[in-house]
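All ligand and atom numbering here is 1-based and tracks the order in the structure.
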Amino acid sequence: MRSVKNLIVGCGLSGAVLAQRLAGQKNEEVLLIDRRSHIGGNIFDYKDTQTGITVHQYGPHVFHTRSKEVWDYLSQFTQWHRFMYRVKAVIDGREVNIPFNLDSLYSVFPHTLAEKLEIKLLEKFGFNQKVPILELRQTSDKDLNFLAQYVYEKVFLGYTTKQWGVKPEELDPSVSARVPVYISRDDRYFQDAYQAIPQNGYTSLVKNMLKHPQIHVELNTDFQAVKNKIRYERLFFTGAIDEFFDYELGRLPYRSLDIVFRTHNVPYLQSGPQINYPENYDYTRSVEYKYYLDEKADKTVVSYEYSCPFEEGKNERYYPIPDAQNQALYDRYAAKAKELKNVWFLGRLGDYKYYNMDQTVLRALQLAGEITK
Ligand code: UDP
């Protein structure tokens, strides 16, 4: 029987941070396995051979954080391409800033109406405030209520129904609150102090994290197939917690994506990197990757995202589905996990949490800190 000090299942961002910390700080041996054929999990990217454009195989990843700790930590492993994300949605045939902001008002409404709504928003909430759409819908003011209903229907309802298969109010409010109405002229998708994309891509970032003599990576290796052949002191599981327990309490649902990449024979296809389609088409958004690293090419690669339920063996897990019922089931799995003495769960799938990349890193750094203290 083979024996290792630390076995980490899943070579995505969580697994990579943890491995780096255990090996880098404690010089401990780490075996990192992944059933896929590549490192990086869902942040895996690659250079498209035809165009040389860096493409994100599992959909758009734009790094942003307000945590200096996370920024400094990752900066050890990559140079950054400074990049502030800007997203538009097609509403009534026009490209409108998302998050919906004060300028968006003027894109969709006649000037006098936009002005009236701007004044009312400023009076009620104040400048530079972020108001989740579900909260804006609660206002009693007739004009603000009209605005809330408009934004709800035009920006959130169609997109969320396509993306999650349910209405915004059927999900945990934190989901639609990720993209609040923003009483500001700031048209960036994020306001965090640090916003950038790894200069050589995310795969290269992860590769650099794993460069340590004590870290051994084995791909195409399923935990199920090796778990009885490897003895470990500690197990860190970044896969789905329900799968780990063989679904004995029932299945946690996840959303998956079918992402279609198309190469277009024009230098640029879109006005910017991401266009959302709450009202049109079957896909939720299209992403033009050359904008991310400002890569030059005669052609351009654009992805189209079709959301669908996760089905085991058919597609990959992308998103946990945050609602009360799923949280309750997750909590029961988490209670079982607590009973295990030398097993820890982390990551979007291990914690069943809709983490951003920086939250994933922070979680793994904190866990590594607890383990190594
Ligand atoms: N959302 C929406 N319309 C938009 C953008 C976002 O309804 O134009 C909602 C939708 O429910 C989406 C959620 O806000 O799933 C979070 O959006 P985000 O861009 O953070 O999603 P991610 O990039 O994580 O897929």
Which residue and non-hydrogen atom of the protein lie closest to [atom], and at what distance in Å?
atom                    : answer
atom 13 (C) of ligand 1 : V175 O, 3.7 Å
atom 18 (P) of ligand 1 : Y189 OH, 3.6 Å
atom 20 (O) of ligand 1 : R178 NE, 2.8 Å
atom 21 (O) of ligand 1 : Y354 OH, 3.2 Å
atom 6 (C) of ligand 1  : V179 CG2, 3.7 Å
atom 12 (C) of ligand 1 : Y159 CE2, 3.8 Å

Going by side chain to side chain donor-acceptor pair (under 3.5 Å), Y85 matches just one of H64, Q274, R188. Which one?
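When H64, Q274, R188 are each tested with Y85, the side chain to side chain donor-acceptor pair (under 3.5 Å) holds only for Q274.
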Are the charged groups of [X] and [Y] less than 4.0 angstrom apart, N to O?
X    : Y   : answer
E243 : R35 : yes
K154 : D92 : yes
K47  : D45 : no

Contacting atoms of ligand 1, where contact means under 4.0 angstrom from a heavy atom of [X]:
X    : answer
Q163 : 15 (O)
W164 : 11 (O), 12 (C), 15 (O)
Y319 : 22 (P), 24 (O), 25 (O)

Please report whether ligand 1 has a polar contact with V155, defined as an N or O pair separated by less than 3.5 Å (distance criterion only).
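Indeed, backbone or side chain, V155 has an N or O that close.
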Measure from NZ or CZ of R285 to the centre of the six-membered ring of Y277 and say whether it is under 6.0 Å with the direction within 45° of the ring axis.
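Verdict for Y277: no cation-pi partner in R285.
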Could R348 and Y355 be counted as a cation-pi pair, given that NZ or CZ must be under 6.0 Å from the ring centre and within 45° of the axis?
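Relative to the ring axis of Y355, which defines the angle, R348 lies outside at least one limit.
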Under 4.0 Å, heavy atoms only, figure out whether ligand 1 is touched by the backbone of R285, its side chain, both or neither.
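Just the side chain.
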With atom 9 (C) of ligand 1 as the reference point, say which of N276, N356, L257, T160 has the nearest heavy atom.
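Minimum heavy-atom distance to atom 9 (C) of ligand 1 goes to T160.
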